Amino acid sequence: MKKVLKVLAAIALVIAIVFIGYLETGHYNADERAAEYVATNENDNYITYDKGSNVGFIFYPGGKVESSAYSYLSEIDANVYIAKFPFELAMFDYDIADEVITDNPQVDTWYIGGHSLGGVFANRFAVNNQELFSGVVFLGSYPAEGDDSTLPGLAFFGDQDLVVGDYNEQLSKFGQSTEVEILTNGNHSGFGNYGQQKGDSELSTDLLIAQQEKIVEDINNFIKQ
């Protein structure tokens, strides 16, 4: 019996080492374009771009992507708060939005959104706290099964996104209150400024800028409805 327990303990240790290795490798750092946008404040849990607005937009980054890679979203006509997660994975602290809201009582209208895996968990928090939000934004993302919401939504997919794949397969996961926009020549990596994501299509700088400008423009229209 002791030998069996030792073997199981050894297997568990190997699994733990492999899992930790996975968490600590393969991250995407923000590139030079991200540095063009200067935050007004940053703490251990989120980055703030404060415009003195009473509207706030909380954003959850994609899996293993540095938070500041989404700094272009500071162009949105609202206070923007970009979450920071352990190992840059939203699943480990997806209720961080509660802290953002508590820390910023001057904001009385809240929206939340996220990219890829971040969008899944941003929506999950919104589903569990629908009374706090006026809408949800998905960038190359979609609701997980069972995370149904009646909140207004805005979802973007790039027609060259090879990470999500065929976006048509994801459309049925959205409720009737969500508007879906297809970005011509858009890809998965273009939702942030962190370079080329593994397995994705390539995107020129001009097309990346166009993708992000369209996102900002349409989110602005969404929050002003």
Side-chain angles (χ1 to χ4, degrees), residues 19-53 55-107 109-129 132-133 135-144 147 156 163 188-198 212 215-216 219 223:
F19 182 62
I20 291 172
Y22 166 76
L23 294 177
E24 294 182 342
T25 58
H27 292 260
Y28 294 96
N29 295 322
D31 64 21
E32 64 279 358
R33 289 201 70 248
E36 297 175 10
Y37 305 90
V38 181
T40 55
N41 190 40
E42 181 174 355
N43 60 33
D44 290 339
N45 295 323
Y46 61 93
I47 306 170
T48 300
Y49 300 87
D50 192 342
K51 301 183 181 68
S53 175
V55 179
F57 180 62
I58 303 169
F59 188 79
Y60 285 17
K64 295 191 172 184
V65 180
E66 186 176 7
S67 300
S68 58
Y70 301 92
S71 58
Y72 77 94
L73 292 172
S74 63
E75 297 278 323
I76 294 169
D77 296 331
N79 295 346
V80 175
Y81 308 88
I82 303 178
K84 298 162 71 176
F85 297 110
F87 303 105
E88 295 171 341
L89 291 169
M91 67 182 72
F92 289 115
D93 193 16
Y94 75 90
D95 59 353
I96 191 65
D98 189 54
E99 179 180 333
V100 176
I101 292 171
T102 300
D103 288 350
N104 295 277
Q106 77 280 9
V107 174
T109 302
W110 287 100
Y111 292 83
I112 191 170
H115 174 216
S116 197
L117 183 66
V120 173
F121 284 96
N123 180 63
R124 177 160 296 174
F125 184 84
V127 167
N128 294 331
N129 301 274
L132 298 177
F133 297 102
V136 183
V137 176
F138 300 84
L139 303 186
S141 184
Y142 45 85
D147 285 347
F156 297 89
V163 177
H188 202 74
S189 310
F191 288 112
N193 291 309
Y194 56 90
Q196 181 75 18
Q197 187 163 337
K198 184 178 180 181
Q212 294 177 358
I215 289 166
V216 169
I219 292 177
I223 66 178

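Quick caveat: nothing in here was measured; it's all calculated off a predicted structure.
- Counting heavy atoms from C-beta on, the side chains of Ile101 and Ile58 come closer than 4.5 Å.
- Residues Lys198 and Val163 have side chains not in contact (no heavy-atom distance under 4.5 Å, counting atoms from C-beta outward).
- Every side chain to side chain donor-acceptor pair (under 3.5 Å) that Glu42 has, sequence neighbours left out, goes to Lys84.
- Partners of Ser141 by side chain to side chain donor-acceptor pair (under 3.5 Å), not counting sequence neighbours: none found.
- Taking His115 as the reference, Tyr70, His188, Phe191 meet the ring-ring contact (aromatic ring centres under 6.0 Å, His included) condition, with sequence neighbours excluded.
- For the pair Val55 and Asp77, the minimum side-chain heavy-atom distance is 4.5 Å or more.
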Exercise for the section: Please report the C-alpha distance between Met91 and Leu117 in whole Å, then the side-chain angles of each, then the deciding distance to 0.1 Å, and finally whether the side-chain contact (heavy atoms from CB on, under 4.5 Å) criterion is met. Expected result: CA-CA 8 Å; Met91 67 182 72; Leu117 183 66; 3.8 Å; yes

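- The only member of Ile223, Leu73, Ile219 that meets side-chain contact (heavy atoms from CB on, under 4.5 Å) when paired with Val137 is Ile219.
- For the pair Tyr28 and Ser189, the minimum side-chain heavy-atom distance is 4.5 Å or more.
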Exercise for the section: For side-chain contact (heavy atoms from CB on, under 4.5 Å), just list the numbers for Phe133 and Tyr111, CA-CA rounded to whole Å, side-chain angles, deciding distance to a tenth of an Å, and then say yes or no. Expected result: CA-CA 5 Å; Phe133 297 102; Tyr111 292 83; 5.7 Å; no

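- Legend: residues meeting side-chain contact (heavy atoms from CB on, under 4.5 Å) with Ala90, ordered by chain and number and at least two apart, are Tyr60, Phe85, Phe121.
- Contact of the Phe138 side chain with the Phe156 side chain is not registered, since no non-hydrogen atoms from C-beta on lie closer than 4.5 Å.
- Every residue meeting the side-chain contact (heavy atoms from CB on, under 4.5 Å) condition with Asn43, not counting sequence neighbours, appears here in chain and number order: Asn45, Tyr46.
- Note: Glu88 CD to Asn29 CG = 7.0 Å, rounded to the nearest 0.5 Å.
- Residues satisfying the side-chain contact (heavy atoms from CB on, under 4.5 Å) test with Ala39, not counting sequence neighbours, are Ile47, Tyr49.
- Closest heavy-atom contact between Ala122 and Gly114: CB-N, 4.2 Å.
- Smallest separation of non-hydrogen atoms from Ser68 and Ala34: O-CB, 3.3 Å.
- Atom CG in Asp50 sits 5.0 Å away from atom OG1 in Thr40 (nearest 0.5 Å).
- For Phe57, there are no ring-ring contact (aromatic ring centres under 6.0 Å, His included) partners two or more places apart in sequence or in a different chain.
- The nearest pair of heavy atoms linking Ala97 to Ile112 is CB-CD1, 3.9 Å.
- Considering only heavy atoms from C-beta on, Glu75 comes within 4.5 Å of Tyr37 through its side chain.
- When side chains are defined from C-beta on, Leu139 counts as touching Phe59, because their heavy atoms get closer than 4.5 Å.
- For Tyr81, the side chain to side chain donor-acceptor pair (under 3.5 Å) partners at least two apart in sequence or on another chain are Asn79, Asn104.
- Counting all heavy atoms, side chain and backbone alike, Ile96 lies closest to Ala83 at CG2-CB, 3.7 Å.
- Within the 4.5 Å cutoff, side-chain heavy atoms of Ile215 are placed close to those of Tyr72.
- For the atom pair OG (Ser71) and CD1 (Ile82), the distance works out to 6.5 Å, reported to the nearest 0.5 Å.
- Under the salt bridge (Lys or Arg N to Asp or Glu O under 4.0 Å) criterion, Arg124 pairs with Asp147, sequence neighbours left out.
- Each side-chain hydrogen bond (donor to acceptor under 3.5 Å, both in side chains) pair with one or both residues in residues 89-98, not counting sequence neighbours, would appear here, but there are none.
- Between the side chain of Lys51 and the backbone N or O of Ser74 there is at least one donor-acceptor pair closer than 3.5 Å.
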Exercise for the section: Determine, step by step, whether Gln212 and Asn193 satisfy the side-chain contact (heavy atoms from CB on, under 4.5 Å) criterion, reporting the C-alpha distance in whole Å, the side-chain angles of both residues, the deciding distance to 0.1 Å, and the verdict. Expected result: CA-CA 9 Å; Gln212 294 177 358; Asn193 291 309; 3.0 Å; yes

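- Using modelled atom types, one side-chain atom of Asn129 and one backbone atom of Phe125 make a donor-acceptor pair closer than 3.5 Å.
- Taking the side chain to side chain donor-acceptor pair (under 3.5 Å) definition, one finds that Gln197 meets it with Tyr194, sequence neighbours left out.
- If you take CG on Leu132 and OG1 on Thr109, they are separated by 12.0 Å, rounding to the nearest 0.5 Å.
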